[in-house]
Amino acid sequence: MLLITELFIALFLTLFIANYLKLQRLRRRYPPGPAPLPIIGNLWTLNFVLHYDTLMQLAKTYGNVFTVWLGQKPVVVLNGCQAIRDGLISHSEELVGRPKTPTYQDLTRGKGVIFSTGHNWKQQRRFGLMTLRNLGVGKKSLEVRIQEEAQTMVEFFAMTKGKSQNPSPAIIHSVTNVISVVIFGHHFSRDDKEFPQLIKANYVIASRLGSAWGRLFDAYPWLMRHIPGPHQDIFKSNAFMEKFVKKEIQSHKEKGVTEDPQDVIDFYQTKISRDPPDVASTFDEHNMVRLAAELFLAGTETTTTTLRWALLYMVKHPEIQENVQKELEDVLGESQIIHYEDRKRLPYTNAVIHEIQRMSGIIPVGLFRETGKEITLQGFNIEKGSLIIPNLSSALFDPDHWETPRQFNPGHFLDKEGKFMNKEAFLPFSAGHHVCLGEALARMELFIFFTSLLRAFTIRLPEGVENVKMDPVFGGTLRPHPYQICAVPC
C-alpha cells in the first residue's frame with residue numbers, strides 16, 4: 001500500500017513539473033505577466049476574478065499589455081486608455097470575434113449579439129441597430145415614453161413625502177418599462193406577478209457572470225457543470241428569461257405579422273416572414289429569443305445601476321447636487337418637460353452625469369475578444385486566436401487623462417470656459433465594433449431620469465445616517481450596496 005502511495009505521489013509530481021515547464025515555454029509566446037501555475041494558472045493571484053484594481057496593479061509591474069492565465073488559458077489584458085483604444089479601435093476588425101468560452105456557449109449556444117461572433121453577430125447586430133433606430137432610439141418618438149416614465153418615477157418618490165426610502169424599486173420599474181416597450185410593446189404594472197421574477201433573473205445573471213464562480217466555470221467546465229453552486233443559478237435565470245421571451249413571441253404570433261411593427265419582436269417576425277429562404281440567413285426564432293433577452297438584460301441593468309450610483313454621489317457631494325439644481329432652475333425656468341436636447345444648454349449637469357458614469361464604471365472589465373489574425377499591439381505580436389480583454393476601468397481612471405482620477409470631479413468634462421467637453425478616455429460603453437448596442441438609449445434615459453429627479457427633489461441621507469458605502473459590490477457589473485435616501489421636495 002505504501003509503495004502504491006509513493007508511486008502515485010511521484011506520478012503527480014512528475015506531471016506537475018512537466019505541466020509547469022510546458023507553461024513556461026508557452027508563456028514566451030505572449031506578452032509578459034505573472035508566472036502561471038499548473039492547473040490553476042494565475043487564478044490564485046487574481047483571487048479567481050478579473051478585478052479591475054488587481055489588473056491595474058499587475059500593469060504597474062508588467063506594462064499595459066500583459067498576460068494572465070485563467071487555468072490553462074492565456075488572456076492578454078489591455079490596460080490604460082492608449083492600449084485599449086489601440087486594441088478596440090485601431091484593431092477593431094481583427095478583434096471583432098468572441099471566443100467560444102464554456103459560459104458563453106452554454107448560455108447562448110452561439111446565438112444573439114453580445115456573445116456571438118462571425119456571420120451571426122454581423123447580421124444580428126446590424127438588425128438590432130436598424131430596429132432600435134426605427135423604434136425611435138435617439139429620437140423624440142421614444143423620448144416621450146422616457147419622459148412619461150420619468151414622471152412616474154417622480155410621483156413614486158413624492159409618495160414617500162421626504163421619508164426614508166429604498167430608491168431602487170422605483171428606478172428599476174421605470175427603466176425596465178422603457179426597454180420593455182421597445183422589445184415587447186408593453187410595460188409592466190406595479191402588481192405584475194412576473195416582474196419581480198424577471199428583475200431577480202436579471203440580477204443573478206448580471207452579478208454572477210463575472211464572479212469567481214463564473215471564472216471557475218470557464219476554467220473547469222467539465223467539473224463545474226456537474227457540481228452545485230451559485231454558477232448554476234446563472235443558467236436557471238437565463239432559462240427563465242428565455243421562457244418569458246418565448247411567451248411574448250407566442251403572443252405576437254397569435255396577433256399575426258403586422259404591417260406597422262411596433263417593437264423588436266414585431267420587426268423580427270416581419271423579417272423572418274418576408275425574407276426569401278436563404279441558407280446564409282441567421283434570422284430564426286433562436287436568435288430572436290436571444291436578441292430580445294440580451295436587449296432586456298443590458299437595457300435594464302446598466303441604466304438602473306448607474307442611476308442608483310447617481311443618487312449616492314449626490315448625497316455624498318451635496319454642493320455638486322446644489323449646483324446641478326441651480327443650473328436646472330436658471331436654464332429651464334418654469335418649463336415642465338425636460339428634453340434630451342436640453343443637455344446642450346446644461347453643460348455642468350451633463351458633466352456631472354458623465355462623471356457619475358466615469359466613477360461608477362459599472363462594467364469594469366469588458367467581455368472577451370478573440371483575434372481573427374495575428375496583430376501587433378504596443379509592440380507585442382499577438383497570435384491569431386488569442387483571447388483579449390480590455391480593463392475598461394483603467395481608462396476611466398487613467399492618470400494621464402484625468403486630473404484627479406480617483407476623485408469625483410465634474411471639471412473633468414468642462415473646459416476653462418465652463419463648456420462641456422468629452423474625453424477620449426471616457427469609455428463606459430466600450431469601443432470599436434462591439435460598442436454597446438443601446439448606448440443612445442442609455443444616454444437619453446440617464447439624462448432625463450437624473451434631471452427629472454433633481455429638479456423635483458433634494459436627495460439627502462436619512463436622519464442619523466452620516467456615511468454611505470461607496471465601494472462597489474463586484475460582479476458582472478459594479479453595483480452599490482443597498483441604501484436608503486430621503487427625497488425632499490424642492
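On a predicted model such as this, the values are computed, not experimentally measured, just so you know.
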Reported CD1-to-CZ distance for the pair Ile353 and Phe450, which is rounded to 0.5 angstrom:
5.5 Å
Taking atom types as modelled, is there a side-chain donor on Arg98 or Thr108 under 3.5 Å from an acceptor on the other?
no
Are a donor atom and an acceptor atom from the side chains of Thr376 and His91 found within less than 3.5 Å of each other?
no
Any side-chain heavy-atom pair of Asn287 and Phe283 under 4.5 Å:
no
With a 4.0 Å cut-off, would you call Glu242 and Arg290 a salt bridge?
yes
Euclidean distance, Glu294 CD relative to Ile205 CD1, rounded to 0.5 Å:
10.0 Å
Angle class for the Phe474/His51 ring planes (parallel below 30°, perpendicular above 60°, tilted otherwise)?
parallel
Got Val68 and Leu46 here, is their nearest side-chain heavy-atom distance under 4.5 Å?
yes
Any side-chain heavy atom of Ile84 within less than 4.5 Å of one from Ser394?
yes
Atom pair NE2 (His286) and CE (Met288), whose distance is rounded to the nearest 0.5 Å:
10.5 Å
Residues Trp402, Phe413; criterion ring pair (Phe, Tyr, Trp, His ring centres under 6.0 Å); working and verdict:
CA-CA 10 Å; Trp402 310 102; Phe413 294 94; 5.4 Å; yes
Answer yes or no: is there a donor N or O on one side and an acceptor on the other, between the side chain of Asn391 and the main chain of Tyr52, under 3.5 Å?
yes
Run the salt-bridge test on Lys326 and Glu322 with the 4.0 Å N-O cut-off and return the result as yes or no.
no
Does atom NE2 of His433 have more than 12 heavy-atom neighbours from other groups under 6.0 Å away?
yes
If you count heavy atoms of other groups shown closer than 6.0 angstrom to NZ of Lys122, is the number above 12?
no
Check ion pair Glu301-Arg479 (N to O, under 4.0 angstrom):
yes
Just verifying a value: how many Å separate Phe447 CZ and Ile338 CD1, rounded to the nearest 0.5 Å?
6.5 Å
Could you state the interatomic distance from CZ (Arg29) to CD (Glu383), rounded to the nearest 0.5 Å?
4.0 Å
